[in-house]
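Along the sequence shown, residues carry numbers from 1. All ligand and atom numbering here is 1-based and tracks the order in the structure.
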Amino acid sequence: MAQRPGFPLKLDKATPAPRSLKANVSLKPATAPAIPAVTVQSLGMDSIAVRHRMVQKLAAQGLQDPMVLQAMGTVERHRFVESALVAQAYEDTSLPIGLGQTISKPNVVARMIELLREGATGKLGRVLEIGTGCGYQAAVLSHIAAEVYSIERLKGLHEKARANLRHFRLANVHLLFGDGMLGYAKGAPYAAIISAAGGESVPQAWIDQLAVGGRLVAPTVTATGQQALMVIDKTANGLKQSVLEAVHFVPLKSGVS
Ligand code: SAH
């Protein structure tokens with residue numbers, strides 16, 4: 001009888017190549033071991049170690065909020081990318097998610113969420129995300145916030161995110177289809193607002209829907225014409241704005257499609 005691959009499947013080179021499922025059920029002994037394809041299934045079983053390495057890299061890059069690092073180590077990023085890209089899921093790179101959009105690289109996701117949480121003790125309250133995309137960042141946010149409202153303007157991606165997130169059964173993530181430039185008034189006020197798309201300016205609706213004491217992080221075109229991370233704190237005495245490092249996000253667009 002053909003020997004079954006060990007559990008969990010190891011991806012390191014020292015491990016003999018696991019036979020394909022077909023080889024396992026075949027009555028004839030397999031002659032040559034199949035080359036292990038990195039699939040969602042095989043990576044899924046051994047992805048904890050891969051994510052752990054990603055988190056170590058994030059920490060080495062200067063990210064230090066334990067709650068954010070924990071969330072990044074928990075969410076299975078490979079479940080949000082096309083199967084052909086699964087092997088790259090934990091590399092510090094942005095990846096295409098369809099309809100011309102991209103999932104941000106882990107470093108940028110972690111950095112923005114760390115900024116959202118700066119100074120907070122414990123989990124944030126309600127968070128609004130503009131640009132659900134494939135749903136990855138919404139899943140990460142679900143671990144650092146009580147409720148996540150995530151809005152997407154492209155129907156195809158809204159549905160893709162819904163399908164991707166089904167597996168995780170995150171009861172505190174609410175996916176919305178609509179124009180996020182208008183925010184989502186029903187969930188307001190928000191402890192934090194995060195945009196995954198870069199606009200020419202920060203829409204007034206976001207400021208209006210931000211709670212006093214809340215923080216907004218959004219890639220925005222600055223005076224130089226380049227995109228940079230914009231942080232806006234809404235205080236009892238008004239708005240406090242800071243422009244941080246340069247970034248490259250897909251454009252914030254109005255309307256739905
Ligand atoms: N957070 C996402 C990143 C998606 S990329 C993830 O983890 O995958 C940014 C997304 O913003 C794109 O899907 C794009 O369609 C969306 N977007 C752009 N303008 C928008 C708007 N006005 N309202 C809602 N979504 C918008």
Side-chain angles (χ1 to χ4, degrees), residues 51 54 68 71-72 74-82 85-86 88-116 127-145 148-168 170 173-188 190 192-207 209 216-221 227 229-230 247-257:
R51 267 195 308 289
M54 178 188 82
V68 178
M72 297 294 294
T74 304
V75 179
E76 297 170 313
R77 197 169 191 262
H78 64 275
R79 291 191 184 272
F80 293 87
V81 301
E82 300 299 333
L85 299 172
V86 158
Q88 293 171 62
Y90 296 99
E91 287 172 19
D92 204 18
T93 175
S94 57
L95 294 169
I97 54 173
L99 301 178
Q101 308 302 316
T102 51
I103 181 176
S104 307
K105 53 184 188 171
N107 177 290
V108 172
V109 173
R111 164 79 171 141
M112 287 177 77
I113 300 178
E114 196 164 290
L115 283 170
L116 276 194
V127 172
L128 174 66
E129 177 192 38
I130 292 95
T132 314
C134 66
Y136 170 70
Q137 184 167 269
V140 178
L141 288 168
S142 79
H143 293 274
I144 63 106
V148 179
Y149 293 84
S150 182
I151 188 159
E152 172 58 55
R153 65 177 289 276
L154 297 177
K155 190 83 180 182
L157 284 177
H158 167 71
E159 279 163 5
K160 190 182 226 180
R162 191 169 292 291
N164 286 342
L165 288 168
R166 197 165 290 135
H167 168 84
F168 297 95
L170 301 169
V173 175
H174 313 284
L175 298 183
L176 310 154
F177 171 59
D179 182 357
M181 286 183 84
L182 309 172
Y184 181 65
K186 283 188 192 153
Y190 297 100
I193 298 180
I194 180 167
S195 177
E200 296 296 317
S201 60
V202 173
Q204 185 60 40
W206 300 357
I207 309 276
Q209 293 173 20
L216 181 158
V217 177
T220 309
V221 175
Q227 254 185 19
L229 279 187
M230 175 90 81
V247 283
H248 301 281
F249 279 77
V250 294
L252 181 71
K253 292 184 176 170
S254 62
V256 294
S257 181

Ignoring hydrogens and angles, state whether a donor on the side chain of Arg77 or Tyr90 is under 3.5 Å from an acceptor on the partner side chain.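 No pair is found: no donor N or O on one side chain lies under 3.5 Å from an acceptor on the other.
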If I take atom NE2 from residue His78 and atom CD from residue Gln88, how far apart are they, to the nearest 0.5 angstrom?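 Going from the NE2 atom of His78 to the CD atom of Gln88 covers 14.5 Å.
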Nearest-0.5 Å distance, CD of residue Gln209 to CG of residue Leu182: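 The distance works out to 8.5 Å.
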With a 4.0 Å cut-off on heavy atoms, is Thr132 in contact with ligand 1?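 A heavy atom of Thr132 does come that close to ligand 1.
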Using non-hydrogen atoms of the residue, decide whether Ala161 is closer than 4.0 angstrom to ligand 1.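 No, Ala161 has no heavy atoms under 4.0 Å from ligand 1.
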Quick one: which ligand 1 atoms are inside 4.0 Å of a heavy atom on [X]?
X	value
Leu157	13 (O)
Ala197	11 (O), 18 (C)
Met181	22 (N)
Leu154	15 (O)

Which protein non-hydrogen atom lies closest to [atom], naming both residue and atom, and how far is it?
atom	answer
atom 22 (N) of ligand 1	Lys253 O, 2.6 Å
atom 23 (N) of ligand 1	Gly180 N, 2.7 Å
atom 12 (C) of ligand 1	Gln101 OE1, 3.3 Å
atom 24 (C) of ligand 1	Arg153 N, 3.3 Å
atom 11 (O) of ligand 1	Gly131 CA, 3.1 Å
atom 3 (C) of ligand 1	Thr102 O, 3.6 Å
atom 16 (C) of ligand 1	Glu152 OE1, 3.4 Å
atom 9 (C) of ligand 1	Ala196 O, 3.3 Å

Flag side-chain contact, heavy atom, 4.5 Å: [X] against [Y]:
X	Y	answer
Val75	Phe80	yes
Met112	Pro219	yes
Pro96	Leu85	yes
Arg111	Val247	no

Sole residue of Leu216, Ile130, Leu141 in side-chain contact (heavy atoms from CB on, under 4.5 Å) with Ile194: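 Testing each of Leu216, Ile130, Leu141 against Ile194, the sole residue satisfying side-chain contact (heavy atoms from CB on, under 4.5 Å) is Leu141.
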May I ask you to check if ligand 1 and Ser104 share an N or O to N or O distance below 3.5 Å?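 Min N/O separation from ligand 1 is not below 3.5 Å for Ser104.
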Show the atom names and distances, to 0.1 Å, of all donor-acceptor pairs under 3.5 Å that link a side chain in residues 248-257 to residues at least two apart or in another chain.
none

Does Tyr184 offer a backbone N or O that forms a donor-acceptor pair with the side chain of Tyr190 under 3.5 Å?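 Between the backbone of Tyr184 and the side chain of Tyr190 there is a qualifying donor-acceptor contact (under 3.5 Å).
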Which one holds for Pro251 and ligand 1: side chain close, backbone close, both close, or neither close, with close meaning a heavy atom under 4.0 Å?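 The answer is the backbone of Pro251.
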Per-residue contact class, Val250 against ligand 1 - non-hydrogen pairs under 4.0 Å: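 It is the side chain that touches ligand 1; the backbone stays farther off.
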Please tabulate, for side-chain N and O atoms in residues 154-168, each donor-acceptor pair with protein atoms closer than 3.5 Å (sequence neighbours left out).
from	atom 1	to	atom 2	distance (Å)
Lys160	NZ	Glu82	OE2	2.7
Lys160	NZ	Ile97	O	2.6
Arg162	NH2	Leu175	O	3.4
Asn164	ND2	Cys134	O	3.0
His167	NE2	Arg79	NE	3.3

